[in-house]
Each structure stands twice: as C-alpha cells, then as structure tokens.
*Asks:* 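Take this structure first; my questions come after.
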Amino acid sequence: MSMPTLPASKAKRGRTDAGSTYSFKNEKKSLADTVMPLLLFLCAAVSILTTIGIVVTLLTETYHFFREIPIFEFLTGRKWSPLIPPVSYGILPLLSGTLLITVIACIVAIPIGLASAIYLSEYAPSSVRRVVKPILEVLAGVPTIVYGYFALTLVTPLLREIFPQMGVFNALSAGIVVGIMIIPMVCSLSEDAMSAVPRSLRDGAYALGATRLEVALRIVVPAAFSGIVASAVLAFSRAIGETMIVTVAAGSTPKLTANPLESIQTMTAYIVQVSLGDTPRGSLEYGSIFAVGMTLFVITFLLNILAQYVARRFREEY
Amino acid sequence: MQTLIEISNLNLYYSSVHALKNVSLSIPEKAITAFIGPSGCGKSTLLRTMNRMNDMIPGTRIEGKLTIGGTDIYSNEVDVETLRKKVGMVFQQPNPFPKSIYDNIAYGPRLHGIRNKKQLDEIVESSLRAAALWDEVKDHLKRSALSISGGQQQRLCIARALAVNPDILLMDEATSALDPISTLKIEELTQELKNRYTIVMVTHNMHQAARVSDQTAFFLNGEVVEHADTEKLFSNPSDQRTEDYISGRFG
C-alpha cells in the first residue's frame with residue numbers, strides 16, 4: 001500500500017503560506033522530465049516526416065508524369081509498353097497482374113490461415129500452441145527472396161507436372177507462394193483476435209450444449225470477426241505490395257489476362273525492372289515508376305480504410 | 001421430496017490438488033439446494049461436475065458416482081452436449097453473447113435444431129417471461145444484449161438457459177456481481193422457478209442461502225461438513241464447524 005507521503009520534516013521546510021503546514025511542491029522533478037517528452041516527440045516525428053516525404057516525392061513525380069501522359073489514358077489503357085515503341089502507358093495489365101497474384105494468394109492464405117487459427121485457439125492443447133506459434137513467427141521472418149526461389153525451383157516444376165503447357169514464369173506459382181508467405185500473418189493475427197474472446201462467452205455456449213465446433217464457428221469467430229477481417233485485409237495489402245517473389249517467379253510480361261498459367265508482370269515487379277535498368281532521371285519511364293507506385297499507395301490506402309470500416313461495421317463488442 | 005441428483009463418494013483432482021474429498025450428497029427435485037462455504041472449499045467445483053464443465057480443464061480426474069435421475073452422467077453412453085441441455089448453468093458474471101437480446105435466447109434452441117421462426121418467437125417470449133424480463137425488453141428485442149443493465153443481463157442469461165428446456169438449473173454465485181435490488185429480483189425469481197426446475201446454487205452469501213434455499217450444504221476444504229434442511233442448518237447445526245462458520249467465526 002502506498003500512501004501519499006507528507007513527511008513532517010519536509011512539510012515544515014516547505015512551509016510557504018502563513019499558517020500552512022503542508023507543501024505540495026514537486027521536489028523530484030528533474031531535467032529528464034522536461035527533456036524526455038521533447039525527445040520522444042522527435043522520435044515520433046521521424047516516421048511522420050518520412051511519410052510526408054514519401055507522399056510529397058510520389059506526388060511531384062507523378063504530377064510530372066501525368067503532364068505527359070493523361071491520367072485517363074494511364075488508368076484505362078490496355079497496353080503497357082514503356083520501353084519498346086510504340087510506347088504506351090496503360091496500367092491495366094500491371095493492375096490485372098497484381099490482382100491475379102493477390103487473389104490467388106488470398107485463396108490460399110485466408111482459408112488455411114483461418115483454419116489454423118481456429119485449430120490453435122479452440123482445439124490445440126496449450127503444449128501444441130506453445131510450439132506452433134513460434135514456428136509460425138519464424139516462417140513470417142523468412143526473407144521473401146527465399147520464397148521466390150522456392151516458387152521458381154520447387155513449386156513451378158511441380159505445377160508443370162499438372163499443367164505441362166505452363167511456362168517457367170507464371171502467376172499461379174508466384175501467387176501460391178505469396179499465399180504461403182502470408183499464411184502466418186493471417187493465422188497469427190486471427191488467432192490473437194480469437195484468443196481475446198473472453199472465456200466466459202465460450203462457457204456460456206458450452207453450458208447450453210454447444211459442441212467445440214459450434215462454439216468456434218458461432219461464438220468465437222463472430223466475436224473475433226473484426227480482428228479476422230483486419231488480418232485478411234492486411235494480408236491482402238501485403239500480397240499487393242509483395243515484390244521479390246513475383247519478380248523472381250511471375251515473369252516480366254505485362255499482360256491483361258486472368259489466366260494464372262501465363263507469365264505476367266505486377267506493379268511492384270515493374271518498378272524493380274525499371275529501377276534496376278539505367279533509366280535516366282527525369283525520363284518518362286523514370287516518371288512511370290512513381291505513377292505506378294502512387295497507384296499502389298492509393299490502393300493499399302483505400303484497403304486500409306475499407307478494413308477499418310468493415311471492422312467497425314461488424315464489430316461484436318464483448 | 002424425491003431425490004434427483006445423487007452423488008456418492010465423489011473425488012475430484014485438479015492435477016495434484018485433491019479438490020473434492022469423498023463427497024456424498026442427495027439433491028431433491030424441484031427445490032433449491034444451496035452450497036455455502038469459504039472460498040476454495042470446492043462448492044463451485046462440485047456444481048461444475050453436474051454439467052461436466054470440469055471436463056474442459058486439463059488434468060481433471062474424477063472418481064466416484066454422480067447420477068441424475070438414476071443415470072450415471074460420467075458413464076460412456078452419456079453425451080455431454082445432451083447432458084448440458086438438460087442441466088443449465090448461470091455464471092458468476094453475466095455473460096450474454098455479443099448479439100441481440102432475441103439472438104441470445106434463440107441461440108440454444110437454434111443449436112439444437114429449431115429453425116421455425118414462429119416457434120423461436122414463442123420460446124423467446126416464454127423464456128423471457130419465465131425470467132421476469134419480458135416486460136422490460138419486449139419492445140427492443142433487437143437491441144444488443146450488452147446495452148441492458150447487469151441485473152437484466154443476468155436474468156437474460158437465466159432466460160437463455162431456460163430456453164433449451166432444462167430440468168436442472170445450476171447457479172454459480174449468480175448474484176455476486178449484482179447490486180442489492182437486482183439480487184433481490186433474482187432471488188424472487190428463483191422462488192418462482194423452483195416449481196418447475198431443480199435449482200442448485202452456490203453462494204458466498206449465507207443470508208441468501210437462508211432466504212431462498214430449501215436445503216443447504218456446508219463445504220469446507222473439499223468436504224461436505226453438513227447437509228440439512230436450511231432452517232435446521234442455520235438454527236440448529238449439528239457440527240461445530242458449521243456453527244462456527246454461520247456465526248461468522250471464520251470464512
């Protein structure tokens with residue numbers, strides 16, 4: 001028990017007002033109390049300033065680019081051919097490539113991630129959970145370039161056994177591996193959301209004669225829904241932004257297609273391609289990577305807003 | 001009064017802790033039996049053996065016999081979910097699901113296969129009436145169950161338990177988180193409910209046991225010290241330890 005201390009000796013020393021026995025002067029406030037808030041603010045400001053810097057750079061370069069290429073043409077053009085004449089900047093092929101990868105990745109990652117989260121949170125004995133969760137987190141730390149080679153040298157040959165007509169570079173293999181990469185994220189975040197559902201809600205359902213599966217699907221998942229949606233959207237934007245795997249395994253042929261067996265190019269892979277080449281600063285190709293980057297930024301930004309909206313709309317408070 | 005629940009030589013261990021020691025007890029049908037005793041004496045543990053909620057705690061081991069209406073509920077033929085449908089439970093903290101009032105009550109019946117809207121409506125109304133909550137919530141059944149007061153939430157939980165048509169209602173310190181007026185309402189409610197249900201309640205409040213129960217069992221360190229008609233146990237206990245406890249000398 002800590003009681004407010006008013007030692008008599010100090011009280012006497014601190015006597016100020018006539019007749020007052022107590023002093024409430026702060027006697028231990030040091031320099032650190034004044035300096036630290038400023039220091040902490042500066043640290044926080046670093047990331048804010050970086051964000052502002054990125055947005056400003058993106059905006060100015062994108063602005064220059066759109067003075068050459070009309071924004072409407074950029075957004076609706078069906079041909080992306082920045083290097084080989086006739087030069088054409090229509091982002092739809094890159095967008096479709098990115099979406100193809102992302103959709104495949106989500107089809108792989110969301111069901112598997114969610115199912116493993118349900119297993120871990122509702123079924124697994126605590127000994128299993130203690131082993132599996134750290135392993136998942138290790139999986140999340142594997143460098144993406146390793147995943148890229150995993151796609152190219154293991155998954156693609158396996159897939160070509162099934163689809164012999166498929167090329168070495170294709171959307172399917174890259175998409176599956178991006179999916180595998182984001183499983184730990186979906187699983188870990190959903191599991192956190194489910195574990196946060198109070199024990200008492202589960203007990204209430206068990207006491208009514210619910211089975212484990214019924215408790216999991218009809219109490220825990222709905223109660224954790226906002227967290228689950230958040231994890232899915234985060235996974236989605238992670239897949240959109242994924243770069244190395246698609247650069248290595250999906251190819252570099254911008255193509256407006258929904259066929260996962262074909263070679264495609266994603267927005268991120270295009271940025272890599274141009275950045276690695278010796279594109280002169282200020283040229284149209286140079287500007288195009290900022291326009292593509294801006295498009296990526298806007299998409300993930302909108303997704304985050306969507307995630308917040310959905311999470312709020314479907315929240316079950318407990 | 002006819003016995004509904006018969007417990008004989010029941011021992012329960014949580015890993016290495018011997019939580020219930022040789023408990024034997026007969027609980028009468030359509031009456032209120034109260035378990036009293038200091039914290040950690042095993043009264044809640046015994047309550048939770050009656051709907052097998054202890055099964056979910058790893059390392060729990062049970063020996064002895066617990067029959068309900070003559071059936072040993074720990075035998076292999078017993079389906080736990082069916083058992084829990086017959087033995088409802090209300091917990092210490094009100095734990096409504098984060099759904100509407102209607103969906104809270106309908107949760108159990110839906111679980112057990114009732115889909116018909118009209119039938120569900122009837123069950124919701126009759127359960128809420130039985131829990132003395134209907135008049136207060138009938139105009140906003142679609143509202144979140146978390147928007148009503150704690151006392152109303154607890155009566156909602158009672159209604160939710162009644163909606164699956166149990167025979168027995170277990171109340172685990174169901175009023176300890178409530179204010180005196182809500183507590184009084186629930187105590188009055190139990191007097192109504194005992195005409196139709198067998199009620200077993202754990203309470204840390206001796207006065208509550210004396211006010212509402214027909215029989216009382218006094219627990220100490222995992223043993224049943226004394227089990228008698230409530231009136232007799234409080235006015236003329238036969239064990240010295242019971243007398244010490246009810247007169248407030250410990251606990």
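This is a predicted model, so every value here is computed, not measured. Below, read A as the first sequence line, B as the second, and so on, with proteins coming before strands; counting in each chain starts at 1.
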*Asks:* Which distance, rounded to the nearest 0.5 Å, do you find between the CZ of A:Arg202 and the CE of B:Met56?
*Replies:*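 Answer for the CZ-CE pair, A:Arg202 versus B:Met56, is 10.5 Å.
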*Asks:* Is it true that, when you exclude B:Glu63 itself, more than 12 heavy atoms of the residues, nucleotides or ligands shown sit nearer than 6.0 Å to its CD?
*Replies:*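 Result for CD/B:Glu63: enclosed.
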*Asks:* Minimum heavy-atom separation for B:Asn51 and A:Ala207, please, with both atom names.
*Replies:*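 Scanning both residues completely, I find the closest heavy atoms to be ND2-CB, 4.4 Å.
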*Asks:* Relative to chain A, which segment of B:Arg160 carries a heavy atom at a distance below 4.5 Å: side chain, backbone, both, or neither?
*Replies:*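 Backbone plus side chain of B:Arg160, per the 4.5 Å heavy-atom cut-off to chain A.
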*Asks:* In this structure, are over 12 heavy atoms from other groups packed under 6.0 Å from B:Ile181 atom CD1?
*Replies:*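 Open: at most 12 neighbouring heavy atoms sit under 6.0 Å from CD1 of B:Ile181.
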*Asks:* Which bit of A:Arg199 is near chain B, if near means a heavy-atom gap under 4.5 Å: side chain, backbone, both or neither?
*Replies:*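 Contact with chain B is through the side chain of A:Arg199 alone.
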*Asks:* For B:Val80, is it the side chain, the backbone, both, or neither that has a heavy atom closer than 4.5 Å to a heavy atom of chain A?
*Replies:*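 Contact with chain A is absent: no heavy atom of B:Val80 under 4.5 Å.
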*Asks:* Nearest 0.5 Å, please: how far is OH in A:Tyr206 from CZ in B:Arg84?
*Replies:*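 Reported value, rounded in 0.5 Å steps: 8.0 Å.
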*Asks:* Under 3.5 Å, is there a donor-acceptor pair between the side chain of B:His112 and the main chain of A:Ala210?
*Replies:*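 Flag not set: sc B:His112 to bb A:Ala210 has no pair under 3.5 Å.
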*Asks:* What's the spacing between B:Tyr107 OH and A:Leu208 CG if we round to 0.5 Å?
*Replies:*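 It comes to 7.5 Å.
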*Asks:* More than 12 foreign heavy atoms under 6.0 Å from NZ of B:Lys65: is that the case here?
*Replies:*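 Counting other residues, nucleotides and ligands, NZ of B:Lys65 stays at 12 neighbours or fewer.
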*Asks:* Do other residues, nucleotides or ligands put more than 12 heavy atoms under 6.0 Å from B:Lys142 NZ?
*Replies:*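 Yes.
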*Asks:* Would you say that more than 12 heavy atoms from the other residues, nucleotides or ligands in this model lie under 6.0 Å from the OH of A:Tyr309, or not?
*Replies:*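 Check fails, neighbour count at 12 or below.
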*Asks:* Work out which heavy atom in A:Arg218 is nearest to a heavy atom in B:Lys99; give both atom names and the distance.
*Replies:*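 Answer, listing the atom of A:Arg218 first, then B:Lys99: O-NZ, 3.3 Å.
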*Asks:* Can you tell me how far the CG atom of A:Leu201 sits from the CZ atom of B:Phe97, to the nearest 0.5 Å?
*Replies:*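 So the gap between those two atoms works out to 7.0 Å.
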*Asks:* Pick one of side chain, backbone, both or neither for B:Pro166, based on which atoms fall under 4.5 Å of a heavy atom in chain A.
*Replies:*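 Answer is neither: B:Pro166 stays 4.5 Å or more from chain A.
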